[in-house]
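Please read all numbers here as calculations on a predicted model, not as lab measurements. Note on naming: letters A, B, ... go to the chains in the order of the sequence lines (proteins, then strands), and numbering restarts at 1 for each one.
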Amino acid sequence: MLINSQVLSLLLSEVNIVILMFIPFEWLHSELSNICRSLLRVKQLHAFLLKTYLSEDPFYATKILRQYAVNSDINSAHHVFDKTSDRSVYLWNSMIRAFAQSQRFFSAISLFRTMLGADISPDGHTYACVIRACADNFDYGMLRRVHGGAVAAGLGLDPVCCSALVTAYSKLGLVHEARRVFNRITEPDIVLWNSLISGYGSSGLWDVGMQMFSAMKLVGKKPDGYTLAGLLVGIVDSGVLSIGQGLHCLSQKSGLDADSHVSSLLVSFYSRCKCMDYAYRVFCSILNPDLVTWSALIMGYSQAGVFEKVLYLFRKLNIEDRKADTVLVASVLASIARTANVGLGCEVHGYALRHGLELDVRVSSALIDMYSKCGCLQLGISVFRIMPERNVVSYNSIILAFGLHGYAYEAFKVFEKMLEKGLVPDEATFSSLLSACCHGGLVKDGREIFRRMEEEFNIRPRAEHYVYMVKLLGSSGELEEAYSLIRSLPEPVDKAILGALLSCCNSRGNSELAETVAQQLFANNPTDNVYRVMLSNIYAGDGRWDDVKMLRDKITGRMRKMPGLSWIESS
DNA sequence: ACCCGACTTC
């Protein structure tokens, strides 16, 4: 029986028991089992189930609940759950999962607690779902409690539960804890092996992941797409290019390169290694690359600074009649910000508007940054004003924008507002604020915020923060204070921090301190001739030509200065 | 249903 959409709509809206007799149940099952991306259709199906009293059946109730959940209609999903009197474990699990996936962590936990009190026992999947939710919310305390609960319920060795535990502990950075869970299982299944390998991969321990990979093959387990993906995420830079190439080779031999996750990871692996030719070749070999793979390639070109390729690919995507998503548009905008071409930025903003992507946090934040870097602060502010949802990144972007344009006072005002909203500032927030102080010459506020960063917000300053502090203090003549800040740091001091002080010595004409700083730089970076050039310029300013000559003679090899180039676009 | 991918600010 062939059912086209018109017939279907008619059936769903005008159904009665007579028509029901003609509906093949295989069709109904497939309609409910496949992911339906239309909320309207889900509602029609639900109405149909209600009319035929099939909604009482926990099997159908679960199916429709899940359909509501994938369409983000969590209230309807909850309604279905409430109306079903005969609740199976699967139904409970689906509802807990629906809460967890729609970021309603506390609802998920509270439903889980209700389930513990009800006359039904949670199974491995219930615990797995709650465990995952704990990890997604970085709630270590809750994770320990749920883990304890699982052990007490006799599920401490349940394969499903343990896979989730291994992943959760790895996500919280406790890969040793994950290993302990793994070690308790005498015969791990492929999923458990994959969980541990992914855990090592995402914790930066790709070598241990490779050891586990060998161990897994020794006990006769055949790797699948998850295994390769877990290994590939760990290969982060060109230092281990050959390992990644080996995995590429392996994926081709085993046919796993057809897996969309594996192929997109191969593209991003080559991108991370700056091997864009390889990345492009892998991309071209994929039959129907999905948006994630397109994004990986576009990001690769963006990070390699090949901006014309970014735009070329974005246009190519459109020519192929594919619709970009928020992540892809945000990446393209970030790339345009670096070219400072506001015309292109406006084009992509227009694209975002036409496709209803402009209110997304990532897109909006990228727009703020793009407009401010292109010199259009006002446009960035307008975007910030209208965005419905703001996160730390959005605030960081607008703070940076104000600072960049010399409005340090506004930057601090936004910072206060951000704290009022209960958002927790991160390292980038303080980078942006310190940068604002540098642009505005606010020494006092800079010192204050630098102090608060550590004392009040528990953020240990990184090299970039010290660079800003040194620049701020040094350029306002407080060279001694800048130097004593540097001396409080453990050796070896990052060359960017010392370099910032050296450059301040240059502009303030303090050759005495410059010599001390430069000696330290020479000692730790003997091949970096830039610092010799800087010091020789300082000597030249004092007319100490003998010292200039002595330094210049030490510069071995050729130094080529890149000619300064700039361009403007005219229309 | 447990294990895998692109992500805006520094």
Which part of the nucleic acid, if any, lies within contact of [X], taking any heavy atom under 4.0 Å across all strands shown: a base, the sugar-phosphate backbone alone, or nothing?
X        : answer
A:Arg97  : sugar-phosphate
A:Val233 : sugar-phosphate
A:Asp158 : nothing
A:Gly230 : nothing
A:Lys373 : sugar-phosphate
A:Asp290 : base
A:Ser435 : nothing

Check ion pair [X]-[Y] (N to O, under 4.0 angstrom):
X        : Y        : answer
A:Arg362 : A:Glu389 : no
A:Lys471 : A:Glu464 : no
A:Glu187 : A:Lys221 : no
A:Lys373 : A:Asp369 : yes

[X] [atom1] - [N] [atom2] separation (whole Å):
X        : N     : atom1 : atom2 : value
A:Arg390 : B:dT9 : CZ    : P     : 18 Å
A:Asn288 : B:dG5 : CG    : P     : 22 Å
A:Gln303 : B:dC7 : CD    : C1'   : 11 Å
A:Tyr226 : B:dC4 : OH    : P     : 8 Å
A:Gln67  : B:dA1 : CD    : P     : 12 Å

* Base B:dT8 paired with A:Ser365 side chain (donor-acceptor, <3.5 Å) -> yes
* Asked: Does A:Asp259 get its side chain close enough to the base of B:dG5, under 3.5 Å, for a donor-acceptor pair?
  -> no
Between [options], spot the one nearest the side chain of [X], thanks.
X        : options              : result
A:Ser397 : B:dG5, B:dT9, B:dT8  : B:dT9
A:Ser295 : B:dA6, B:dG5, B:dT9  : B:dA6
A:Asp369 : B:dC2, B:dA1, B:dC10 : B:dC10

* Asked: Stacking here means centres under 5.5 Å and planes under 30°; does A:Tyr90 stack on B:dA1?
  -> yes
* To do: Decide, applying a 5.5 Å centre-distance limit and a 30° plane-angle limit (both strict), whether A:His261 stacks on B:dG5.
  => no
* Asked: Within the structure, does a side-chain N or O atom of A:Arg362 lie under 4.0 Å from either OP1 or OP2 of B:dA6?
  -> no
* Asked: Does OP1 or OP2 of B:dA1 have a side-chain N or O of A:Arg132 closer than 4.0 Å?
  -> no
* Is there a donor-acceptor pair closer than 3.5 Å between any side-chain N or O of A:Ser335 and the backbone N or O of A:Ser331? -> no
* **Parallel, tilted or perpendicular, as decided by the 30° and 60° cut-offs, for the rings of A:Tyr169 and A:His147** => tilted
